[in-house]
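Read through the structure below, which is laid out as C-alpha cells, and then see the notes.
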Amino acid sequence: MYDKVCPTCKTLLSQFYNTGMLGCPDCYKAFEREINIALKKVQGRTSHVGKTPYGTELDKKLLAEYQMLIKEKERAGLEQRFSDMNELSEQILILAEELKNRGLI
C-alpha cells in the first residue's frame, strides 16, 4: 500500500494516523488533504475556533484523556515497553468507542 511521506522529515502519513502527531511544519502541506479529513472527523470542522474543542466538560476531558493515551502509547513504543503498548491500545479502543458514541470522532 502506498504511504505518503513528508519530503522534509520523512514522516509517514501512517505515523500521523497512529500517533496524531506530525514530524515538522512541512508535514501540514504534505498531508494537507488527509489532515483536513482527520480534523473534520475529530473536531467537526477544519478551522481553529479556540483552544479547546466544543462540547461538554466531560467531552473535553474524554478527548484530553484520549490524546494523552495516544502520546503515552507512542512513548511506550519508543521505550520498547510492548506490554504497556498493548494495554494502552485496549484503553484507547474503549475510549474511542465512547468518543464515537458521543459523535466526537
If a pair satisfies side chain to side chain donor-acceptor pair (under 3.5 Å) and one of its residues is in residues 92-105, list it, with sequence neighbours excluded.
D59-R102, E98-R102
Just grab all the side chain to side chain donor-acceptor pair (under 3.5 Å) pairs involving residues 9-23, residues at least two apart or on different chains.
D3-S14
In Å, rounded to the nearest 0.5 Å, how long is the span from CD of Q67 to CG of L62?
11.5 Å
Once side chain to side chain contact (heavy atoms under 4.5 Å, CB included) is applied, do any residues pair with [X], and if so which ones, sequence neighbours excluded?
X	value
D26	C6, T8, C24
S89	K73
A96	Y66, I105
L93	none

Linking Ile, Leu, Val, Met, Phe, Trp and Tyr through side-chain heavy atoms less than 4.5 Å apart, which residues share a cluster with I94?
none
side-chain hydrogen bond (donor to acceptor under 3.5 Å, both in side chains) with E34: which residues, sequence neighbours excluded?
K4
Once side-chain hydrogen bond (donor to acceptor under 3.5 Å, both in side chains) is applied, do any residues pair with Q80, and if so which ones, sequence neighbours excluded?
none
So, for F31 and L22, which heavy atoms are closest and what is the spacing to 0.1 Å?
CD1-CD2, 3.8 Å
For a quick test of reading the model, state the closest non-hydrogen atom pair linking A76 to M85 and the distance between them.
CB-CG, 3.7 Å
So the salt bridge (charged side-chain N to carboxylate O under 4.0 Å, His left out) pairs with at least one residue in residues 82-91 (sequence neighbours excluded) are R81-D84
Could you state whether L69 and M21 fall into the same hydrophobic cluster, counting links through intermediate Ile, Leu, Val, Met, Phe, Trp or Tyr residues with side-chain heavy atoms under 4.5 angstrom apart?
no
Pairing of E74 and K71 as salt bridge, 4.0 angstrom limit:
no
